[in-house]
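Throughout, protein chains are lettered first and strands after them, A, B, ... in sequence-line order, and every chain is numbered starting at 1. Just so we're clear, the structure is a prediction, and the values are computed from it rather than from any experiment.
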Amino acid sequence: MTFDFAIVLRFKEALLLGLWTTLQLTVICVVLGSLLGFLVGMARSANSPFVRVPARAYVEVFRGTPVIVQLFWFFFCLPLVIGTEIPNIVAGIIALTLYMGAITSETFRASLKSISREQYDACTALGLPHATQVVHVVLPQALLRAAPTLLSNCVSLFKESALLSAVGMADLMFIGQNISNNTARPVEVLTVVALIYFAIAFPLTRVVTRFESRVLAKLSA
Amino acid sequence: MDYAFDFYSVLSNTDVLIDGLLVTLELTVAANVVGLVLGFGVALLTTSSIFPVRVLSMLFVEFFRCTPAIVQIIWFFYCVPILFDVYIDSITMGIVALGLNLTAFNAEAYRASIQSVAREQMDASVALGFGPVQRTLYIILPNALRLSLPVLVTNGIGTFQQSALVALVAVQDLMYAGKSLATQTYRPIETFTAVALIYFVISFVVAQCVEFAARRYEPTSR
Amino acid sequence: MTQSSPAPLLQSDDRLGTQRGAPAAGTAAPLVQVRNLHKGYGPNIRVLKGLSIDMQPGERVVVIGPSGGGKSTLLRVLMGLEQIDEGSIRFAGKPYIEASPAGRRTTIDTVVRRQIGMVFQHYTLFPHLNILNNLILAPCKVHGENKATATARARALLARFGLEAKAEAYPNHLSGGQKQRVAIARALMLDPKLMLFDEVTSALDPELVAEVEQVILQLAQQDMPMVIVTHDMWFAKNIASRVIFCAGGVVVEDGPPEQVLGSPREERTREFIERVFHIR
Ligand SMILES: Nc1ncnc2c1ncn2[C@@H]1O[C@H](COP(=O)(O)OP(=O)(O)O)[C@@H](O)[C@H]1O
Ligand SMILES: [Mg+2]
C-alpha cells in the first residue's frame, strides 16, 4: 500500500475554493451570530420574565440539540413552514447563525456577570449616571472579558461549518469528500483536509490562550 | 402557513426512533467510558517529563480539538480500513471515533485540574512515602476527577450530541432513523422536530440533574 | 504594622494633635446627622440597630469594632449604596437618606450623595482605564467638566501623591499601595465634602500601609471631614478627632481618642482594644 500525497496537489484550486467558501460562511455567521448573541445575552439578564424566559428557551434548545439536527431542520422543514423555497445557503446561514447566537449569548452573559459588585459600588460612589456606568464601565469590561471566549466560539463555528457539507454546500469538507470519492484516495485527501482545518484552528486556539491570560491579568486589578 | 401537521406518522413509528435512540445511547455510553479512561491516561502523558511523550500526546489532543468532528468521523470510516487493512463493524468504528474525540477533550479537562491540584498535596504525598503509582491513584486521580467533573459531564453530553454525526456514515442511530423516517413518510417537520426534541430532552435533563447535584454537594467552605 | 512609624508622619501627628476637638459644638449645623438607623440584610440578619450619630464639620471620626459589627454597613449606608429599613440621615442640613415606613423603600438624594466620596478595602479602580482616565471619568461625566481642565487637575493631584509617573499606566501595573492612593485621588477629583475610608489598608502588604496612611493624613491636615474604619491603632490615634466603638449594631462608646482608645469607660471597649491592639 503506497500513498501519493502529490495527488492532492492536482486539486489545489478546488480545495482552496472550498476553503474560501468555508471561511466566508464562517465570517458571515460569526458576525451575525455575535450580534444576536449580544442581544440575547442582555435579554437573559432582563428583569421582565417575558424577555428572559424566551431568551433562555432559545439558548437551551440550540445548545441542547445536535447542530446537524438543527441544520437538517432548517434545510428540510423551514421551507415547508414558511411555504416557500429558500436557497440552501440561506438555510445554512440561518442555522449556523442561530447556533452561534446561542453559544455567544452564554459568553456575553457570563462576562456581564463577572463584573464584580465592587465595580458597581465604585460607580455609585463616584455618582456616575446610569448611562455612563453602562457605556464607560460595564460594557468595556464585559466585552474585554468576553473577547477571548468569543474568539474560541469563532473557532468552534469554523469547525461546525464543516457540517454544511452534509447538506450539499460546496465547502472545504464537501469538496474534499468529492475528490476523495472520485480519486478513491481517501487517506491522502481527507488527511490533507483535516490538516487544513487544523492549520487554521490550532494557531487561533493558541492566540485565545495567550489573549485570555493577558485579559485576565488586566481585569484582575 | 398551510402545512397540515400530522404527528401520527411519527407516533406510529416510535419503535424505529427508539431503536435508533438505543444505538445512540450505546455509542454515547461506550464513547464516554473510552473518553473518561483514556482521557486521564493521555492527560498524564501530556504532563510527562519525557519530551517526545509530552509533545506527541499534546499533538494528539490538539489534533482532535482543532479539526471538525465530522472530518474525524469520515476520516475514520474511510481511512482506517485502508490503513490497517481491517474490517471493523460500523458501531465499533463510531465508538472509536467518538471515543478518541472525547478522549482529547477530557484529557484537556483533566490536565487543567491536575495542574491545579495544589503543589503542597504532591509534596505531602511524597513526604508520606507514597510511590509514583500510589500517588497517581490515591492523590492525583481523585482530585483531578473531582475538579474536572463539571467539564467531563459537559463533554459527555457534547458527545451524545456529536454522535448524531455517525448517521452520515450510515450508522443506524437516532438521527439516521429520523432521516429515513422523514423520507419514507414525507413528514420532515414532524420527524425532525421529534428527533430534535428527544436529543434536547435527554441533554437538558441530564445537564439540569448534574447541575443540581453539583450545587447540592458543592463544599460551601473554601 | 503599628510599630514602624516614619518620621514625617509623627510630625503630622503633632500638628493634628493641636487641632483635635477644634470644631466648637453647637456653633455650626452638624455635617452628618444619623437618626435611629436600622439596617439588615434580608428578614433575618439585623446589622444596624438604631444608630444615631452627629458629626460636626471638620471632625475625623474613626470607627472601630469587632468584625461583623456593622462598620462597613454603616459606611455603605452613608455612601448611599444600601437601602435602609428605618431612620433618616441628613447631610449639611439637607435631607439625604430617608426610609419611608410604608413602602419599605429608601429615598436617596443623589445630588447630596455626590458630595460624599468613598474608598473601599479592595481597590475598585476601573481596570480597563488608565490612571488618568480613572480620575477624569467622573468629573467629565458627572459635572461636565471639560477634558483638558480635568486632566490638568488630575495630573496635579497625582503629582501631590507622588504618582505623576503612573498617569498613563493601567491599574494592574500598580502596587496595592499605589492603587489605593489612586482610588483616593479619584474620589478627591469630585471635591467631596466628606470622605469615607473602609479598611483601606487591610488588603495591603505591611510595607505599603504607610504610604496610603500618609496620603490620608495629608487630607486631614486640610481639614477634610472623614469617617475611617481601621484596625491600625497607631493610625487611629494619629488621625482621629473622635473615636466610635461600634459593636452588635449599636454605638457602645463614643468620645475623643485619648478616652476611647486610652481609658475606655465601657468594659466591652476595653476588652476589644486589649485584644486587637495588644495593649498591655
Ligand atoms: N450583602 C450582605 N448580605 C448579607 N449579609 C451581609 C452582607 N453584607 C454584610 N452582611 C452581614 O452583616 C454583618 C455586618 O457586616 P459588616 O458591615 O461588613 O461588618 P464589619 O465591616 O464591621 O466587619 C455581618 O454579619 C455580615 O455577615
Ligand atoms: Mg468591614
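In this structure, CZ on A:F76 lies 8.0 Å from NZ on B:K179, to the nearest 0.5 angstrom. To the nearest 0.5 Å, the span separating OH on B:Y199 from CD on A:Q70 amounts to 12.0 Å. For the atom pair OG1 (A:T65) and CD1 (B:I198), the distance works out to 12.5 Å, reported to the nearest 0.5 Å. Between the CG atom in A:L80 and the CZ atom in B:F192 there is a gap of 11.0 Å [rounded to 0.5 Å]. Taken to the nearest 0.5 Å, the CZ atom of A:R63 stands 10.5 Å off from the CZ atom of B:F204. Here the CD1-CE distance, from B:I70 to A:M173, works out to 5.0 Å after rounding to the nearest 0.5 Å.
Only the side chain of A:S165 comes within contact range of chain B, with heavy atoms under 4.5 Å apart. Only the side chain of A:R206 has a heavy atom closer than 4.5 Å to any heavy atom of chain B. When heavy atoms are compared at a cutoff of 4.5 Å, B:T193 approaches chain A by way of both its backbone and its side chain. Proximity to chain B (any heavy atom under 4.5 Å) is restricted, for A:E160, to the side chain, taken from C-beta onward.
Environment of CZ in A:R145: sparse, with no more than 12 heavy atoms of neighbouring residues, nucleotides or ligands closer than 6.0 Å. Counted within 6.0 Å of CZ on B:F105, heavy atoms from surrounding residues, nucleotides or ligands total more than 12; the atom is thus considered enclosed. The number of heavy-atom neighbours closer than 6.0 Å to CD1 of A:I89, taken from other residues, nucleotides and ligands shown, is 12 or below.
In this structure, B:V71 and A:L190 have side chains that are not in contact, with every pair of non-hydrogen atoms separated by 4.5 Å or more. Between B:T67 and A:K159 the shortest side-chain heavy-atom distance does not fall below 4.5 Å. A heavy-atom distance below 4.5 Å is found between the side chains of B:I82 and A:P186.
Using non-hydrogen atoms only and a strict 4.5 Å limit, the part of residues 46-66 of chain B facing chain A consists of B:E62, B:F63, B:R65, B:C66. Contacts from residues 155-178 of chain B to chain A, taken as heavy-atom pairs separated by less than 4.5 Å, involve B:Q161, B:Q162, B:A164, B:L165, B:L168, B:M175 in sequence order.
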Show your reasoning for whether side-chain contact (heavy atoms from CB on, under 4.5 Å) applies to A:V189 and B:W75. CA-CA 10 Å; A:V189 179; B:W75 191 93; over 6 Å; no
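Put simply, of A:V193, A:T191, A:V155, A:T205, the one with the most heavy-atom pairs under 4.5 Å next to chain B is A:T191.
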